[in-house]
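In this chain, numbering begins with 1 at the start of the sequence shown.
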Amino acid sequence: MTTSETPLVQVLDASGRFAPSASAERYLPLIEKISDAELEQFYRDMVSIRAIDIQATNLQRQGQLALWPPSRGQEAAQVGSGRAARAQDTIFPSYREHAVTRIRGVDPVDIIKLMRGVSHGGWDPTDPKNGNTRLYTLVLGSQVLHATGYAMGLAFDGRSGTGDLDHDEAVIVYYGDGASSQGDVHEAMVFAASYQAPTVFFLQNNHWAISVPVSTQSRVPLVERSAGYGIPSVRVDGNDVLASYAVSRVALDEARSGEGPRAIEAVTYRLGAHTTSDDPTKYRGSDEEESWARRDPIARMRAFLENRGAGGQFFADVEAEAADAAEDLRARSVELGAPSADKIFDHVYSEPHPLIDEQKAWRAAYEASFEGGN
C-alpha cells in the first residue's frame with residue numbers, strides 16, 4: 001500500500017475550510033460537540049506555544065541554553081491530542097512536546113531548566129500541578145516502553161476497562177518517525193498488544209529524523225507498522241487540530257474502555273531544525289519547506305475561526321497573550337541561577353545511603369583543598 005492510498009482523517013483542508021474526508025465521518029458527531037470556547041482555546045494554545053518556542057530558540061542562540069528542540073509546525077498534532085486526554089490520563093512525552101506539557105500544567109521554564117543544564121529532570125512528574133506528565137526523554141524510543149509498562153500496570157490494577165470513562169485511565173505516548181525505527185518501540189507494541197494495555201501510541205511523523213527522510217526509513221506508511229501488531233491504527237492530518245483532537249479522544253476512550261492499545265500516525269512537518277545544533281538546509285530543499293509552510297496549522301485554524309465569525313479583537317488578544325507568555329519565559333529564564341553541587345547526590349537512592357554521604361563529604365573536602373576553597 002502506498003502513502004496516497006492510506007486513508008487520512010482530515011476535517012479542515014489546507015485553506016481552513018471545513019471539508020471532512022471520508023475517513024473523518026465517524027468523528028464528526030464528536031467534532032460537532034466542540035464549543036466555540038474550546039475552538040478558540042485550541043487556537044490560543046497553538047499561538048502561545050509557537051511564541052514560547054521561538055523565544056526559547058532565541059535564548060539558545062544567545063547562549064542562555066545548551067540546546068532547544070523546536071516544535072514549530074507541529075502545534076496542531078500536539079494541541080489536539082493534548083486537549084483530548086482526560087485529567088486522569090498519563091502523558092509520556094519525548095523531548096519536543098512543548099504544547100502538550102504546557103496544556104497539562106507543566107511550566108515551560110521547567111523545560112528551560114532541563115535544556116539549560118540546571119535541572120536533572122525539569123519537573124516533578126508526581127506533583128498534581130504537572131498533570132500526570134512524565135519527564136522528557138532524550139533516549140529515542142525508551143519512553144514508549146515506559147508508557148506500555150505503566151499502562152499494563154493500570155490494567156493489572158483494575159484502573160481501566162471498568163466502563164467508567166470519567167475515572168478509567170489510559171496512557172498516551174509521543175514519539176517521532178525516527179524513533180519509530182527503534183527496537184524499543186516495536187517491543188513496546190508487542191507487549192501492549194499481548195496484554196491489551198490501555199496505551200495510545202502517538203507518532204508525530206514530521207518527515208525528517210534529523211537528516212534522514214521518512215521515505216528512507218520505511219517502504220510503507222508508518223501507520224502500518226503498528227497495524228502489523230494487530231493494533232487498530234489511524235492516519236490523521238497532523239496539521240488539522242480538529243482531526244487530531246477527535247482521533248485522539250476516540251483512541252484514548254477506546255483504550256481506557258478495555259479495548260486494548262491504539263495507534264495514531266499524525267502526518268505533519270518540522271518547519272524548523274531538528275534541534276538548534278542542526279542545519280536543515282544541508283539535507284532538504286526550500287521548495288519542500290515552502291510547500292509545508294502553506295499548510296501551517298495555525299493559519300489553517302485562524303481561517304476556520306474567521307469563517308465562523310471570530311473578530312479581529314480576538315486574534316489581537318491572542319497575539320498579546322502569546323507575546324506576554326514569551327516575554328515571561330525570557331525574563332524568568334535569564335534569572336535562573338546555577339544549582340548547588342549537592343544536587344548531584346539528591347535522589348540517587350530513595351532513602352539516605354552511607355555511600356552517597358561519603359561521596360558528598362569527599363567532594364566537599366576536595367574543593368576545600370584548593371586555594372580559596374573553590
Side-chain angles (χ1 to χ4, degrees), residues 44-75 77-79 82 93-124 130 133 135-140 174 176 178 204 206 208-211 268-284 286 289-290 292-293 296-299 316-341 343-344 374:
R44 183 177 286 109
D45 289 336
M46 290 194 290
V47 173
S48 291
I49 203 62
R50 180 168 293 188
I52 288 171
D53 182 48
I54 292 172
Q55 184 70 273
T57 299
N58 293 340
L59 285 166
Q60 192 282 329
R61 297 306 190 201
Q62 294 158 7
Q64 295 292 335
L65 307 179
L67 185 75
W68 182 256
S71 61
R72 188 165 61 93
Q74 298 180 221
E75 294 90 354
Q78 293 191 19
V79 169
S94 57
Y95 51 79
R96 203 187 302 275
E97 282 67 52
H98 314 319
V100 178
T101 55
R102 186 169 186 262
I103 286 170
R104 298 296 288 189
V106 174
D107 186 342
V109 172
D110 286 341
I111 305 176
I112 295 291
K113 291 176 183 177
L114 182 63
M115 301 299 172
R116 189 182 172 99
V118 299
S119 170
H120 292 159
W123 60 89
D124 182 355
N130 293 319
T133 307
L135 300 178
Y136 271 9
T137 305
L138 299 180
V139 179
L140 290 185
Y174 293 86
Q204 292 179 88
N206 65 21
W208 288 94
I210 307 184
S211 60
T268 182
Y269 192 78
R270 168 168 55 81
L271 289 174
H274 179 73
T275 69
T276 47
S277 64
D278 170 45
D279 179 4
T281 65
K282 294 185 179 298
Y283 54 80
R284 68 185 190 193
S286 59
E289 294 179 1
E290 291 169 5
W292 278 96
D296 188 297
I298 294 179
D317 290 346
V318 169
E319 292 292 342
E321 291 172 13
D324 288 345
E327 187 54 39
D328 175 68
L329 181 85
R330 166 172 287 277
R332 291 192 292 138
S333 295
V334 298
E335 291 174 355
L336 291 172
S340 165
K343 266 200 164 184
I344 63 175
N374 189 1

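Below 30°, between 30° and 60°, or above 60°: for Y269 and W292 the angle between ring planes is below 30°, a parallel geometry.
Using a 3.5 Å distance cut-off with no hydrogens or angles, the side chains of R116 and Q64 do pair a donor with an acceptor. With no hydrogens or angles considered, no side-chain donor-acceptor pair links H98 and R72 at under 3.5 Å.
Between the side chain of R44 and the main chain of D317, no donor-acceptor pair closer than 3.5 Å is present. For the pair Q60 (side chain) and W68 (backbone), a donor-acceptor distance under 3.5 Å is absent. Listed for the R270 side chain is a donor-acceptor partner under 3.5 Å among the backbone atoms of I210. Checking side-chain atoms of D53 against main-chain N and O of S71 turns up a donor-acceptor pair under 3.5 Å. Under a 3.5 Å cut-off, the side chain of S119 and the backbone N or O of G121 do form a donor-acceptor pair. Between the side chain of R96 and the main chain of H274, a donor-acceptor pair closer than 3.5 Å is present.
For the pair Q204 and A77, the tightest heavy-atom approach, listed with the atom from each and the gap, is OE1-CB, 4.2 Å. For A51 against A322, the heavy-atom pair with the smallest separation is CB-O, 3.6 Å. Of all heavy-atom pairs between G73 and R50, the closest is N-NH2, 3.6 Å. Contact between L65 and A56 at its shortest, heavy atoms only, is CD1-O, 3.6 Å. A pairwise comparison of heavy atoms in Y95 and T137 identifies CD2-O, 3.3 Å as the closest pair.
Proximity of T101 to Y174: side-chain heavy atoms (C-beta onward) are nowhere separated by under 4.5 Å. Side-chain contact between Q74 and E97: absent, with no pair of heavy atoms (C-beta onward) separated by less than 4.5 Å.
Rounding to the nearest 0.5 Å places CG of L329 at 12.0 Å from OG of S48. In this structure, the separation between CG on L59 and OG on S333 is 5.0 Å, given to the nearest 0.5 Å.
Residue pairs meeting the ring-ring contact (aromatic ring centres under 6.0 Å, His included) criterion with at least one partner in residues 44-63, sequence neighbours excluded, do not occur; the list is empty. Here salt bridge (charged side-chain N to carboxylate O under 4.0 Å, His left out) pairs that include residues 105-114, with residues two or more places apart or in two chains, are D107-R332, D110-K113.
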